[in-house]
Amino acid sequence: MTDENWHSNTHLVHAGTARTSNNETSEALFMTSGFVYENAEQAAASFRNETDNFVYSRYGNPTTLMLEKRLAKLEGAEICRATGSGMAAVFSALACQLSAGDRIVASRALFGACYAILNKILPKWGVEVVFVSGGDENEWEQALSIPTKIVFLETPSNPLLQIIDLECVCALAKKAGACVIVDNVFATPLYQKPLELGADIVTYSATKHIDGQGRLLAGAVLGNAEFMTEQFLPFYRQTGPTISAFNAWIMLKSLETLSVRVERQTQNAAAIASELEMHKNVKSVFYPGLPSHPNYEIAKRQMSGSGSIVAFEINGGRENAFAFLNALRVHLISNNLGDAKSLVTHPASTTHQNLSDHERALIGIKEGHLRISSGLEHKDDLIADILQALSHVS
Ligand SMILES: *Cc1c(COP(=O)(O)O)cnc(C)c1O
């Protein structure tokens, strides 16, 4: 039983729970690939979609369904489908609606694998992809002046936390007839609701904050009933991007603590961003919660929290960036994010090393840029760690 009017923290603990006749407190884990029928007639009816029976775990599973209902409630979406990774979510949300000859407009500052799908894989299949600078309204307007099938974007972007005005881009996309897909990982479902701002589909890498404890890969696609049932579901059922029930169960338990974790991570990130901004060895700081962020006003309007990721440029380029990383004692060097452990990465040599120098320059990624994902450690220990590592930099 769930109440529409509950706050998201309450939905995170209760939404979607379907107890068995044992009345267990914690959600049950159904490790089963298939399901049996009482008789041949029931099997036949199930295959005609005339029953609520589960048929096969590639199509749906009772544990996975609890996760999907909880995520849908949190997002305010009609339907959610969970996937085996964030990339499975992004790829199936795109591929389920594309045909050769279609056109996509996307922001250029994207997670590396999303950029590769748009820049390398889809063009091979006859899909035209146009990239724009996400913060430039004129570029969006020009790119969307002709009919377009899909708009794909990420805000805040990886790694430099560029903010895209969702209401503005969604309105332009609507005029071009495009379906807007927002990769909402950095904001988390707690701090940004793209569907309320005009987007059609939201995707997550649940590997990040939603699990948030470094254990597994998972993803989710959320949208309205018409799109999810008519376009997404047939593709999902036949091509198999589904999540394992075991991972769905871990994710259900992760959701119970999501808001507590993200609130702490965000407090830590905000404190670190302010500290970095005052440091003489830091050239610039990128954090949506800082008034110095070029899109601070848009961030304030469309996000209810600033999130757990901070980027900054250290003076002295790659040499000092590496010296800083190697001096860290609490923060770990890792390209993951949203974890309980604080993680730092050097995008130019890791997550974005596949890009050409020209592509990196277009996004603005420099050799001195570092990205911090704040974890759950004590704020004072994190700040002390960053200050001592910055002191190793000349
Ligand atoms: C990590 C990430 C993905 C990909 O998710 P996986 O779970 O690693 O497949 C996609 N988009 C963004 C913004 C991400 O951070």
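Heavy atoms only: backbone and side chains are in, while hydrogens, waters and symmetry mates are out. All ligand and atom numbering here is 1-based and tracks the order in the structure.
Taking the salt bridge (charged side-chain N to carboxylate O under 4.0 Å, His left out) definition, one finds that Glu256 meets it with Lys253, sequence neighbours left out.
The distance between the ring centers of Phe30 and Phe35 does not fall below 6.0 angstrom. In this structure, Tyr59 has its ring center no closer than 6.0 Å to that of Tyr236.
Near Gly86, with a cut-off below 4.0 Å to any heavy atom, the atoms of ligand 1 are 5 (O), 6 (P), 7 (O), 9 (O). The atoms of ligand 1 that sit less than 4.0 Å from any heavy atom of Glu154 are 13 (C). If you number the atoms of ligand 1 from 1 as listed, the ones under 4.0 Å from a heavy atom of Thr207 come out as 6 (P), 7 (O). Near Ser85, meaning under 4.0 Å from one of its heavy atoms, ligand 1 places the atoms 7 (O), 9 (O).
There is no side-chain donor-acceptor pair under 3.5 Å between Gln42 and Thr51.
When hydrogens are left out, the protein atom nearest atom 12 (C) of ligand 1 is Asp183 OD2, 3.4 Å; that is the closest non-hydrogen contact. Among protein heavy atoms, atom 2 (C) of ligand 1 sits closest to Lys208 NZ, 2.5 Å. Counting only heavy atoms of the protein, atom 9 (O) of ligand 1 lies nearest to Met87 N, 2.9 Å.
Shortest non-hydrogen contact noted between Leu382 and Ser342 is CD2-OG, 3.4 Å.
Considering only heavy atoms from C-beta on, Thr64 stays 4.5 Å or farther from Met251 through its side chain.
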